[in-house]
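A, B, ... follow the sequence lines: proteins, then strands. Residue 1 opens every chain.
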Protein chains: 2
Amino acid sequence: MKTIKLRDKLIEKGLKVTPQRIAILEAVHKLNSHPTAEKIFDFVRKDHPNISMATVYKVLDALVANGLLSKVKSEKDSMRYDAVTDKHHHLYSSDSEDIADYYNDEINKILSDYFKEHNITDFEIEDVRLQIIGKFKNRN
Amino acid sequence: MKTIKLRDKLIEKGLKVTPQRIAILEAVHKLNSHPTAEKIFDFVRKDHPNISMATVYKVLDALVANGLLSKVKSEKDSMRYDAVTDKHHHLYSSDSEDIADYYNDEINKILSDYFKEHNITDFEIEDVRLQIIGKFKNRN
DNA sequence: TTATGTAAAGATAATAATTCTCCTTTAAGA
DNA sequence: TCTTAAAGGAGAATTATTATCTTTACATAA
């Protein structure tokens with residue numbers, strides 16, 4: 001994604017356009033592997049040597065709050081960030097910290113049809129996500 | 001669940017039966033609301049004033065490793081423990097830290113049938129869990 | 001029933017991820 | 001350009017969890 005488009009997205013949300021925000025947003029798009037805040041920090045620091053970890057967290061929070069990024073919990077301890085904000089599910093490795101996006105409109109339809117017919121007592125569903133746990137094959 | 005049955009479960013798994021383990025296992029059963037380690041600690045400390053937080057974590061890990069408890073990640077920062085180890089899903093509150101268990105064999109069947117027919121490239125599925133996010137109604 | 005080896009408990013320090021505080025800088029509109 | 005509220009930076013603080021090390025106490029077997 002172009003910087004110009006990222007700028008527009010920030011403006012659209014009423015967020016100030018700062019070099020740090022552009023850099024972090026770009027970083028999450030480039031590091032397309034659900035990076036941790038630390039990974040993002042390391043990446044961004046190449047071009048912005050003075051950026052602080054606190055800024056990375058603050059910017060990520062702002063971007064998540066405005067729907068420009070999304071946040072996933074790893075099986076271990078850290079939050080992971082995702083440039084993809086469309087509806088999607090996640091594949092979690094049961095033996096490593098790998099996470100992959102999983103798109104499947106067919107399963108989305110099955111789930112949404114199912115829950116349209118079957119309410120959950122005293123609960124108003126906003127979103128249904130799958131956590132698919134297993135092993136990645138053919139990985140180096 | 002009776003203490004005697006908890007004892008047997010520990011023995012069955014080759015774990016030593018200790019008062020701390022019994023107390024912690026009982027606590028998670030009694031606090032049937034996905035307690036945090038801290039909540040469990042506070043509860044257990046009433047009867048075992050000398051128990052340490054480290055013991056709570058160690059015992060919980062041992063119980064989870066042996067399938068006597070399960071572990072869920074909250075949307076925020078801490079692990080939550082669950083006395084229920086059967087296959088089930090979770091309802092997450094989008095505006096609080098509440099988590100509830102959700103059982104539904106029908107949806108289990110739909111999912112397992114679906115994924116039996118539709119492999120995910122380069123991924124071997126071990127488990128599929130739903131995270132259903134929304135709002136609890138009629139709560140005090 | 002007591003002795004003994006080992007697993008587990010307890011105390012405390014360490015670590016890791018994240019958040020907070022406080023002060024400085026900067027983007028964006030007047 | 002000036003103003004000011006928003007954002008960034010540095011570093012301390014917090015929170016949850018893990019590690020280390022010593023002490024205690026299960027569980028088996030004499």
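Checking side-chain atoms of B:R21 against main-chain N and O of B:K16 turns up a donor-acceptor pair under 3.5 Å. Under a 3.5 Å cut-off, the side chain of B:K71 and the backbone N or O of B:A65 do not form any donor-acceptor pair. In terms of modelled atom types and a separation under 3.5 Å, the side chain of B:K87 and the main chain of B:V128 share a donor-acceptor contact.
Two residues, B:K71 and B:V17, neighbour DNA chain D, and the one matched to the more 5' nucleotide by heavy-atom proximity is B:K71. The residue among B:Y81 and B:I11 whose nearest nucleotide of DNA chain D lies closer to the 5′ end is B:Y81.
Between A:N104 and B:H118, the side chains place no donor N or O within less than 3.5 Å of an acceptor N or O (distance only, hydrogens not considered).
Of all non-hydrogen atoms in B:Q20 and B:I51, the two that sit nearest each other are CG-CD1, 3.8 Å. When all heavy atoms of A:F123 and B:Y92 are compared, the closest pair comes out as CZ-O, 3.7 Å. The two atoms that bring A:E126 and B:K135 nearest to each other are OE2-NZ, 2.7 Å, heavy atoms only.
Following rounding to the nearest Å, A:I24 (CD1) and D:dG8 (C1') show an atom-to-atom distance of 10 Å. Rounding to whole angstrom units, CG of residue B:D8 and P of D:dA27 are separated by 12 Å. Per the geometry, CZ belonging to A:R7 stands 11 Å off C1' belonging to C:dA28, to the nearest Å. Between the CD1 atom of A:I22 and the C1' atom of D:dA7 there is a distance of 14 Å, rounded to whole Å. In this structure, the NZ atom of B:K39 is 14 Å from the C1' atom of D:dA16, given to the nearest Å. Distance A:M53 CE to C:dT19 C1': 11 Å, rounded to the nearest Å. In this structure, B:L60 atom CG and D:dA16 atom C1' are separated by 13 Å, rounded to whole Å.
Here the side chains of A:L63 and A:L10 are in contact, with some heavy-atom distance below 4.5 Å.
The local environment of NZ in B:K39 is sparse, with at most 12 non-hydrogen atoms from other residues, nucleotides or ligands closer than 6.0 Å.
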Please tabulate, one pair per line, each protein N/O and nucleotide N/O from nucleotides 8-11 of chain C that are separated by under 3.5 Å, including the distance.
unit_1	atom_1	unit_2	atom_2	d
C:dA8	OP1	B:R21	NH1	2.9
C:dA8	OP1	B:R21	NH2	3.0
C:dA8	O5'	B:R21	NH2	3.1
C:dA9	OP1	B:T18	OG1	2.8
C:dA9	O3'	B:Q20	NE2	2.8
C:dG10	OP1	B:Q20	NE2	3.2
C:dG10	OP2	B:T55	OG1	3.0
C:dG10	O6	B:K58	NZ	2.7
C:dA11	OP2	B:N50	O	3.4

Atom pairs under 3.5 Å: protein N/O with N/O of nucleotides 23-25 of chain C:
none

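The shortest distance between the side-chain N/O atoms of A:Y57 and the OP1/OP2 oxygens of C:dT19 is not below 4.0 Å.
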